[in-house]
Amino acid sequence: MVVHETLLSRLKDKTLVVEAAKVGSKWAQNAADGTRFDVVNPATGEVLASLPALSAEDARQAVVDAKQAQKLWAKRTGKDRSVVLKRWHQLWIDNADDLALILTCEQGKPLAEARGEILYGASYLEWFAEEAKRIYGDIIPSHAENLRILVMKQPVGLVGAITPWNFPNAMIARKVAPALAVGCAMVAKPAAETPLSMLALAVLADRAGIPQGLFSVITARSSSEFGKEMTSNPDVAKITFTGSTEVGRILMRQGADQIKKLGLELGGNAPFIVFDDADIDAAVDGAMAAKYRNAGQTCVCANRIYVQSAIYETFVEKFSAKVSELKVGNGLDAGVTIGPLINAASVAKVREHIADALDKGGEIVVGGGVSDLGPLFVEPTVIRGATATMAVSREETFGPLAPVFRFETVEEVIALANDTEFGLSGYFYARDMARIFRVAEALEVGIVGVNTGLISTEVAPFGGVKQSGLGREGSRYGADDYLEIKYVCLGGQEV
Ligand code: SIN
C-alpha cells in the first residue's frame, strides 16, 4: 500500500481508496505480469497510489462475469433495480466529503468544485434509479383487425465504458446509472490519471448490494487495449465513450466489423456570444462559469468568446477584472478557484494557443505568464483581438485561456460560430426574444445556453451534433441509449 499521507490522513473512511481493480466479481490486487502504474497528484507531483496495469485478458474475464450477472439483473423488476440503485445513491451522498477529497487529490480541481461534481454525479444515479420503474413500451393501433402491435423496450445487454479524467465521478455516473437502471451490465475503464474515484464508487457499489459482476472497473495505463477488446468482443453489445473526437473515430472504426452500438460524447469548440442588447454583467458571470469551471477542462467550456462591437471594450474590461480575481493553487487549499492542469501536454497546448494568438496580433489583457506554483499551473488568461486565423478558433484549448473576438452582425457571428466540425454546446446572451429564437435555432450544437453559462444537469439531454458525438446522456433520452426496441406482432386475435 503506497496511498499517500495527504489523502489518507484526511479521509473519514480510508477503505474508499483501493489499490486494486474490480474484475467481474473479484477485486484484483495485481496484474498477471505484475505491472503497475502510479496515480499522481497533479498539484504536488506526489504519488497517491499504485494500481495494477491490467490487460485485455482481464477485461475479457470481466465480460464473462458481467454476461452472467446481466441476465439475472435484467430479469428483476424495475422497482427492484431502483431500490438497489437508490442504496448506492445514498452511500454516494453519505460519503461525498471523502469522494470529493479523492477527486481533488487525483484530478486537481478545487475541493468545492469536486464536491459539486460528486453531487452532480449522484444526481444521475438518483434520476435513473427513478426512471428504472418507467421504461414504458407501447401498443400501436394495428393495421389489421386480427393483429395487435406491441413495442417492448429491452436492455441492450453488456456495455463497455471508457471515461475521461476531467470528471472522474460524473462521467461514469451518467453512463452506469442509466445502464444499470434499464437492466444492462457495465465493464468500465477509468482514465489512468484519475482511477481512484471510480474505484471508490465500486467499493460503494459492493456495499449497496449491486450484484457481483455487474459493474467492473478495469485499471490500465492506456485505453487502447481495453477499447480493442470491447469493440471486438461479441458479448459486448455497446461501447460508451467520453473523450476526444480522435479516439471516438478509432472506436467507431474498430467497432465497424460487429456494427457495435456506440454512445460518443466527444470534443467541443463552444462559441459564447454576447449581443449588444445583453445584460453585460450577467454575460460576464456566465462567461466566467462557462470558461473557467474545472480550469477550462470541460467539453462544454466556452472556447471562443464573440462580443458585438458596441459593447466589446466594456465586456473585455469587466471580464478581465473578474478573471484577475481567480486564485490559482492546490485544490485542497482554501479560496483556490483554479487548480492545476492534468498533465504537461495540456499545459503545452495552452501555451501553444497563447503563443499563436500573440503571433497573429492578439493582445494579453490578463495572465499569459508562467505560474511559479509548479509545472502544471497555468495563469488564467484573456486575449483580446482574437481572429479566425488563430489556432484557438479551430481547436479546443481545454485550459484557462479565453480569446475574445469582435463581431458586427448576427449573420456574421452565426457563420463564425458554426464554422467548426464540432457541435457540442454553444452559449449566447441577448434580450430580444426574436433574436433568441433565431440564434438558438441556428447554432449547430446539441446544447444551447441562453443567458446562462451553466447547462449541465441530470434532467436534460447532454450530447453533441456533427463530430461531437452520438446519443444523449441524462434525462429520459439517456435511458434510450441503453435500450433496444422490439416490435411484437401478435396474430390470431378474435375479430
Ligand atoms: C464534459 O466535459 O464532458 C462534461 C461536462 C459536464 O457534464 O458539464
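What you see below is based on every heavy atom in this structure, not just the backbone, and it leaves out hydrogens, waters and symmetry mates.
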Under the criterion side-chain contact (heavy atoms from CB on, under 4.5 Å), which of [options] is the partner of [X]?
X    : options               : answer
V274 : V307, T314, V413      : V307
I354 : T397, V392, I383      : I383
V18  : L196, L199, V217, L51 : L199

Lys/Arg N to Asp/Glu carboxylate O, [X] vs [Y], below 4.0 Å:
X    : Y    : result
K86  : E130 : no
R293 : E113 : no
R476 : E131 : no
E444 : K466 : yes
R394 : E421 : no
R472 : D481 : no
E411 : R438 : yes

When rounded to the nearest 0.5 angstrom, what is the spacing between CZ in F462 and OG in S425?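 If I round to the nearest 0.5 Å, the distance is 7.0 Å.
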How many angstroms lie between atom CG of L251 and atom CD1 of I239, to the nearest 0.5 angstrom?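 Spacing of CG (L251) from CD1 (I239) equals 6.5 Å.
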Does atom CD (E317) have a neighbourhood of more than 12 heavy atoms from anything else shown, all under 6.0 Å?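 Not more than 12 within 6.0 Å, no.
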Are more than 12 heavy atoms from other residues, nucleotides or ligands located less than 6.0 Å from atom OH of Y477?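 Counting neighbours around OH of Y477, 12 or fewer heavy atoms of other residues, nucleotides or ligands fall under 6.0 Å, so no.
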Sequence neighbours left out, what pairs pass salt bridge (Lys or Arg N to Asp or Glu O under 4.0 Å) with at least one residue falling in residues 299-315?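 Sorted result for residues 299-315: E313-R384, E313-R406.
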